[in-house]
Amino acid sequence: MLALNPFPLPLHLVTGNHDAPEALVGGFGGTRFLGGGTLTSYVVEHPAFTVVVLDSSVSGSPGGRLGSGQVAWLDRALARRPGVPALVCLHHPPVPVGIPFLDAMGLADGPELGEVVAGHPRVVRVLAGHVHRPVTAPFAGSTVAVAPSTYRQSGLVLREGVPGYPDEPPGFLLHVRPGAPAGAAWVTHTVPTTAPGVSR
């Protein structure tokens, strides 16, 4: 955790399929990295936007599921600030990404998540990871933005077979509202970690 403390931007952790939720809470519970709480599903209300973090991990499985209780909790969380842009974060993308090997371990209840997101038009992004490559797709009136891996990327294999790891740079997604006027659209940039720098 000491390495994360100096990070200058809001940083909120999401449980992945290789993570143990109890270990995440043990290491980061009560800190800003888990929204100040001790759960792996939580809400952080920033002045200009709301972050809702979900836990789609399923013990012993590479695939994900939210469950009806967590989906209902998301609906209530989004209803608390209906006029404020919201980012919904989870590990598993709620839509197929077109790579059969990875789609076989996707989010089992993506349609249920979509029903909730569709009911809250201020959800500006549904943010995910899991597939180790940048992907964007429309989703329930919003946009799914899947982050690349900060380690290594999955290959673009649009047929059966294991994608492997091509020589592509690691990176991250940067979400901004240019100028941030009322109603301004959010823009997502893919930034390689080998980039010389990003000025604020």
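Treat the numbers as computed from the prediction; the structure is a model and nothing was measured.
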> Quick check for you: to the nearest 0.5 Å, what is the distance between S61 atom OG and M105 atom CE?
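It comes to 8.5 Å.
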
> Using salt bridge (Lys or Arg N to Asp or Glu O under 4.0 Å) as the criterion, list what pairs up with R81, not counting sequence neighbours.
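Counting only residues at least two positions away or on another chain, R81 forms no salt bridge (Lys or Arg N to Asp or Glu O under 4.0 Å).
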
> State plainly whether one hydrophobic cluster holds both V14 and L127, where clusters connect Ile, Leu, Val, Met, Phe, Trp and Tyr through side-chain heavy atoms under 4.5 angstrom apart.
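Yes; L127 is reachable from V14 via cluster members.
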
> Go through the steps to decide whether L78 and V88 satisfy the test side chain to side chain contact (heavy atoms under 4.5 Å, CB included), and finish with yes or no.
CA-CA 9 Å; L78 291 172; V88 175; 4.2 Å; yes

> Are V124 and V53 linked, directly or through other ILVMFWY residues, by side chains that come within less than 4.5 angstrom of each other?
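V124 clusters together with V53.
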
> Parallel, tilted or perpendicular, judged at 30° and 60°: which one describes the rings of F28 and F33?
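Rings of F28 and F33: perpendicular, as their planes differ by over 60°.
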
> Spell out, yes or no, whether L54 and Y42 are grouped together once hydrophobic residues are joined by side-chain heavy atoms under 4.5 Å, including indirect joins.
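No; Y42 is not reachable from L54 via cluster members.
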
> Using 0.5 Å steps for rounding, measure from the OG atom of S149 to the NE2 atom of H132.
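Nearest 0.5 Å value for the OG-NE2 distance: 4.5 Å.
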
> Just to verify, what does E168 make a salt bridge (Lys or Arg N to Asp or Glu O under 4.0 Å) with, not counting sequence neighbours?
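With sequence neighbours excluded, E168 shows a salt bridge (Lys or Arg N to Asp or Glu O under 4.0 Å) to R133, given in chain and number order.
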
> Is there a donor-acceptor pair under 3.5 Å between the side chain of D109 and the backbone N or O of G67?
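Such a contact is found between D109 side chain and G67 backbone.
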
> Closest heavy-atom contact between G155 and P163?
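Nearest pair, atom of G155 first, then P163: O-CB, 3.4 Å.
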
> Scan V157, V131, V162 and name whichever one has a side-chain contact (heavy atoms from CB on, under 4.5 Å) with F101.
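With F101 as partner, side-chain contact (heavy atoms from CB on, under 4.5 Å) holds for just one option, V162.
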
> Sequence neighbours excluded, which residues qualify as ring-ring contact (aromatic ring centres under 6.0 Å, His included) partners of H175?
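For H175, no residue satisfies ring-ring contact (aromatic ring centres under 6.0 Å, His included) once neighbours in sequence are set aside.
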
> Please report the closest heavy-atom contact between L158 and G98, naming both atoms and the distance.
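That would be CD2-O, 3.2 Å.
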
> Answer whether the closest heavy-atom distance between the side chains of V135 and P93 falls below 4.5 Å.
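V135 does not reach P93 side chain to side chain.
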
> Output the distance between atom CG (L173) and atom OG1 (T136), rounded to the nearest 0.5 Å.
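Between atom CG of L173 and atom OG1 of T136 there are 9.5 Å.
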
> Not counting sequence neighbours, list each pair that qualifies as a salt bridge (charged side-chain N to carboxylate O under 4.0 Å, His left out) and has a residue in residues 31-48.
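Matches after skipping sequence neighbours: E45-R80.
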
> When you measure from the side chain of D19 to the backbone N and O of P21, does any donor-acceptor pair fall under 3.5 Å?
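Between the backbone of P21 and the side chain of D19 there is no qualifying donor-acceptor contact (under 3.5 Å).
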
> Could you check L113 against L90 for side chain to side chain contact (heavy atoms under 4.5 Å, CB included), going step by step and ending with a plain yes or no?
CA-CA 11 Å; L113 174 61; L90 70 163; 4.1 Å; yes

> Who passes ring-ring contact (aromatic ring centres under 6.0 Å, His included) against H130, sequence neighbours left out?
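For H130 the ring-ring contact (aromatic ring centres under 6.0 Å, His included) partners, ignoring immediate neighbours, are H91, H92.
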
> Is it the case that the side chain of Q153 and the backbone of P148 share a donor-acceptor pair, with hydrogens and angles ignored and the cut-off at 3.5 Å?
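Such a contact is absent between Q153 side chain and P148 backbone.
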
> When you measure from the side chain of T15 to the backbone of T40, do you find a donor-acceptor pair of N or O atoms at a distance under 3.5 Å?
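The answer is no, because no donor-acceptor pair under 3.5 Å joins these two groups.
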
> Taking all atoms of both residues into account, what is the closest heavy-atom pair of S154 and P166, and its distance?
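That closest heavy-atom pairing would be C-CD, 3.7 Å.
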
> Looking at L87, V51, L34, V52, which hits side-chain contact (heavy atoms from CB on, under 4.5 Å) with H12?
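Answer to the side-chain contact (heavy atoms from CB on, under 4.5 Å) test with H12 among L87, V51, L34, V52: V51.
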
> For W73 and L66, what are the C-alpha separation, side-chain angles and deciding distance, and is it a side chain to side chain contact (heavy atoms under 4.5 Å, CB included)?
CA-CA 10 Å; W73 172 82; L66 296 171; over 6 Å; no

> How long is the straight-line distance from CD of E112 back to CG of D75, given to the nearest 0.5 Å?
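Going from CG on D75 over to CD on E112, the span is 13.0 Å.
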
> Working note: L156 + I99, criterion side chain to side chain contact (heavy atoms under 4.5 Å, CB included); need CA distance, chi angles, decisive distance, verdict.
CA-CA 7 Å; L156 183 58; I99 301 174; 4.1 Å; yes

> Are V44 and L39 joined in one hydrophobic group, where the rule is that I, L, V, M, F, W and Y side chains link up if heavy atoms are under 4.5 Å apart?
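Looking at the clustering, L39 is in a separate group from V44.
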
> If hydrophobic clusters are built from ILVMFWY residues whose side chains come within less than 4.5 Å, do V126 and F49 share one?
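Unlinked, V126 and F49 end up in two clusters.
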
> Can you run down the ring-ring contact (aromatic ring centres under 6.0 Å, His included) pairs that involve residues 136-158, sequence neighbours left out, and say none if there aren't any?
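Pairs touching residues 136-158 that pass the test: none.
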
> Measure across T38 and G30 and return the closest heavy-atom pair with its distance rounded to 0.1 Å.
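What the structure gives for the nearest pair is CG2-N, 4.1 Å.
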
